[in-house]
Amino acid sequence: MAVLNILVAVCLTYVAILFLVAFMADRAAMRGRAVWLRSPLVYTLSLSIYCTAWTFYGAVGNAARSGLEYVTIYIGPTLVMVGWWWGLRKLVRVGRAQRVTSIADLISSRYGKSPLLAVMVTLMAVLGTTPYIALQLQSVTLSFAAFAGTAEGARPADSQSTALWVAAGLAVFTVLFGTRNLDANERHNGVVMAIALEAVVKLFALLAVGVFVVWGLGGGLSETLARIDTSEIGRWQVAPGRWAGMIFLSAAAFLTLPRMFQVLVVENENEGHLRLASWMFPAYLMLISLFVLPIAVTGLERMPAGSNPDLFVLTVPLSEGQTGLAMLSFLGGFSSATSMVIVAAIALSTMVSNHIVVPIWLRLAHGGALVSGDVRNLVLLSRRFSIAGVLLLGYLYFRVSGGGAALAAIGLVSFLGVAQFLPAMLGGLFWRGATRSGAIAGLSVGFAVWTWSMLLPSFGAGGVLSAGILAEGPFAIGWLRPQALFGIDGLDPLVHAILWSMVLNTLAFVAVSLVSFPSPLERLQGAQFVDVFQHSGGRQSWTGGMAQSEDLLIMAQRIMGAGDAQRLFQREAQRQGLAGYLPEPSPDFLNVLERELSGSVGAATAHAMVGQIVGGASVTVEDLMAVADETAQMMEYSSQLEAKSAELARTARQLREANEKLTQLSVQKDGFLSQISHELRTPMTSIRSFSEILRDTAGLTEMEKGRYAGIIYGETVRLTRLLDDLLDLSVLENGQVRMNVSHGSLGDVIDHAVAAAGGAVGLQITRDREVEAILVETDLDRLAQVFINLIANAQKYCDAERPELRISVGRSGGMLNVDFTDNGSGIPRDAQEVIFEKFSRVSDREAGGAGLGLAICREIMTRLGGKVAYLPGQGGTAFRVSLPERAQLAAQ
Amino acid sequence: MGKHVLLIEDEPNIIEAISFILSRDGWKVDTHSNGQTAVAAVHEKRPDLVILDVMLPGRSGFDILKTLRAEAATAELPVLMLTARGQTKDREMAEKMGASRFMTKPFSNAEVLDAVRALVAG
């Protein structure tokens, strides 16, 4: 009794220390001195809740029964931590970015925040975890009984009360530290710290027992190894199928067990912690499995036949009289059990409370009327009851099952149950095509197969399923035999269950995902999960505060129409107790607004729009892509219309332009023909008239005859010149003329032009021959033609009493300029542009030209690469002929 | 005879030709070659007939005709229009403006004489 009393005292002291540690850690965290609390070391140690009492006691039992197979349970997580580090990092990043509170929340959130999925996963998790919790209670009870048995003889009646007391104690601890505050991050500093301490204790205890066994009893390392070699269990008996199945199962369970998800993702403070954990956690697993074989071998040798190998860790030191060591070992087992139960209870209670209790409560209590404080209390309360409920369930399971099954078997049943989450979880993380329907289908199928082929048979023949059903299938349907589905016989029952449940689960998940169509919110969430590294921090609920209600109103008016939007805003403002149209941008209001808007523009668009204004959540490329997806058809249709309309407009414009051009050309042609007609008919009139006079009039004097013949001659010359000019101009305009480029002195060209224009008759010409002494390279004849025209114009039109023409040469802007300036009255400003047009004549006075001269000059100069322009402000009519410099060569 | 005609035309050779023909037929021929002052010349010279060229410097023959027709004193005055642009558009325009006769250059001398005689007799 003394030993038992001491044990109880030690236990209570240990529990008190745990309470104290948790309390201190919470206090420290609240004061913001949580840095050392949240070190990667603590994170890694907290992961060790993977090693439950099942590991602590059961591994030795497993080794005693099945040899080295227990190693697979460690290999799985090790492979995940070492080989799949990047995947874990993604999982943790998604969990943090989405503020995920549990694995049920993760899966539901990924698939469009589906409440149905959340409830499914929660129920499955409870179903899968309850036996496990029972297992922990059983281990504590058994170990306690082992102590008691040594001291006083077995007192089996007490085992159930022990379990009840342990369950109640754990419930109190979990409620105290697990629901202390309602942190948005769902982190529990006190709990994590206590768990880290327990991790150290259990490792230390197992190592201590191991050292005692090897060096205390076994006589050293080499002798122990030799004994392992000779022992039955030391044989390397690997069943490849079972090993692969176990490794896969433990790896999957490491990710999907609710309690593992809790410490791995939810409690994670910093992604970087994974780096240390990726090698340190495997190292921890290696240490904890180090002495499993020696203990098992020693136990088998020394303990009486028929004693429970699951308790060798405890019973070996006890039988050797090492009460202190046994007590340490008991504490180790106690730590393993309690830490698992605590975290599992927190994880499950979070799910149960968030996804089942609170939604039901809110629906029953007309959630809209609640103020936020009420919800807070409600959530805490429901979580506390959930914790108590989960532990109660575990205790009831323990009572009902009577603690009959071997520990390890329950563990594996549990593992495979939660492993059914794996396809939906991984698919959600890496495959954007995964849909809610696919996840539901996969989970349902997987869970059904698991229940049928593993859970129910685990109660043993005659338990839930009769021996007949196990042997021949329900209603004697052979292919539905629980452990030989589809007629595939001869597989290990575990491998059989793993294979069928996971394969059918995955197939259903993929197939239904491919067939079904994701909702916009699913697509949005899918993008945020799969591409989490491109954008972190896409929270889905609005924080408000920064939002401008007025901006929101403006936007809402555009989308919903002014009347509806104003009514909505007014209603919301009233609900908040405010007058007017602008409610506070509270999360509630923003959600209402988003919902209203999504009725008009779709959920993704509404989310993106509110996000833009509120600024609380960044609108990412993926969000916008989801919007684009949603409206793709609409946009395509409208852009088609737009393209067509643009095309029509373009065609219409082209037609209009073509028509204008044609009209213009027609007008020009009419004008030109009209001009030609006039220019030809006028001399013809004189010619005809005077030739008729000469023919028909008798008695004309010789002088008259000569005069009239002279007129006729002059007019024919005029006609010829007109035709020449017209042809010349036509050729120049069509670009058919060839320029005969040659070298010559500018002065010579001017000389030639002056002579051809009839010399300086009636016109005083001033020149500076020195400046003119420039060598030019151009078509000299054409240049002379231009000069002749200009000189002739001066002769014809200069209205000064003593007409003078100054020809001057200069340079400007890379051009060689020859100016022809007379002392007449010049050309009126409005006519200066017109004079270069065909048939334009400014002067009233008869000058005999057809008005083509300057037009021809202009064409020639264009062809020569220069130009001719009227030079205003020279005191008379002035034309400037410009030649490009390249046409000019230095004469000197 | 001694009928009085005013020739409004800017081409010197054509002025000389028409003056010669009409003078030989016994007409008193006055000439004017500026479009802007043409209407004033008509009022001043008070001819029995006006021969009016369309293309005049300063003012078009059509404008002059319009002004003449708008005034009571000259509304009924016979006007023979001459044009060197032989388009039907010009003919239509002339008829609309109220030209008594329209003639395209080049014309035969006999044609002009016939037209002038017919206009004054009518």
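The chains referred to below are lettered A, B, ... by the order of the sequence lines, with proteins before strands, and numbering in each begins at 1.
Residues B/Asn109 and A/Phe690 have side chains not in contact (no heavy-atom distance under 4.5 Å, counting atoms from C-beta outward). At a threshold of 4.5 Å between non-hydrogen side-chain atoms, the residues A/Arg681 and B/Thr104 count as touching. Side-chain atoms of B/Glu16 and A/Tyr708, non-hydrogen and from C-beta on, do get closer than 4.5 Å to each other.
Enclosure of atom CZ in B/Arg59 by more than 12 non-hydrogen atoms of other residues, nucleotides or ligands within 6.0 angstrom is indicated. Other residues, nucleotides and ligands place more than 12 heavy atoms under 6.0 Å from the CD atom of B/Glu71. The neighbour count for B/Lys45 NZ, taken as heavy atoms of other residues, nucleotides or ligands under 6.0 Å away, is above 12.
Side-chain N or O atoms of A/Ser677 include one that pairs as donor or acceptor with a backbone N or O of B/Ala84 at under 3.5 Å.
In terms of non-hydrogen atom pairs under 4.5 Å with chain A, the most contact-rich of B/Ile18, B/Asn13, B/Leu82 is B/Asn13.
The two residues A/Arg688 and B/Ser108 have their closest heavy-atom pair at NH2-CB, 3.3 Å.
When heavy atoms are compared at a cutoff of 4.5 Å, A/Arg707 approaches chain B solely by way of its side chain, counted from C-beta outward. For A/Ile712, no part lies under 4.5 angstrom from a heavy atom of chain B.
With B/Pro106 as the fixed residue, the side-chain contact (heavy atoms from CB on, under 4.5 Å) test singles out one of A/Ile687, A/Thr682, A/Thr685, A/Leu680: A/Thr685.
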Under the criterion side-chain contact (heavy atoms from CB on, under 4.5 Å), I'd like the reasoning laid out for B/Ile21 against A/Ser689: C-alpha separation, chi angles, the key distance, then a yes or no. CA-CA 9 Å; B/Ile21 300 162; A/Ser689 196; 3.7 Å; yes
B/Lys105 and A/Met684: CA distance, side-chain angles, deciding distance, side-chain contact (heavy atoms from CB on, under 4.5 Å) verdict: CA-CA 8 Å; B/Lys105 294 177 186 175; A/Met684 296 275 273; over 6 Å; no
Full working for side-chain contact (heavy atoms from CB on, under 4.5 Å) between B/Phe20 and A/Glu704: CA-CA 11 Å; B/Phe20 181 84; A/Glu704 277 176 325; 4.0 Å; yes
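Salt-bridge check for A/Glu692 with B/Arg24: failed, with every basic side-chain N at 4.0 Å or more from each acidic carboxylate O.
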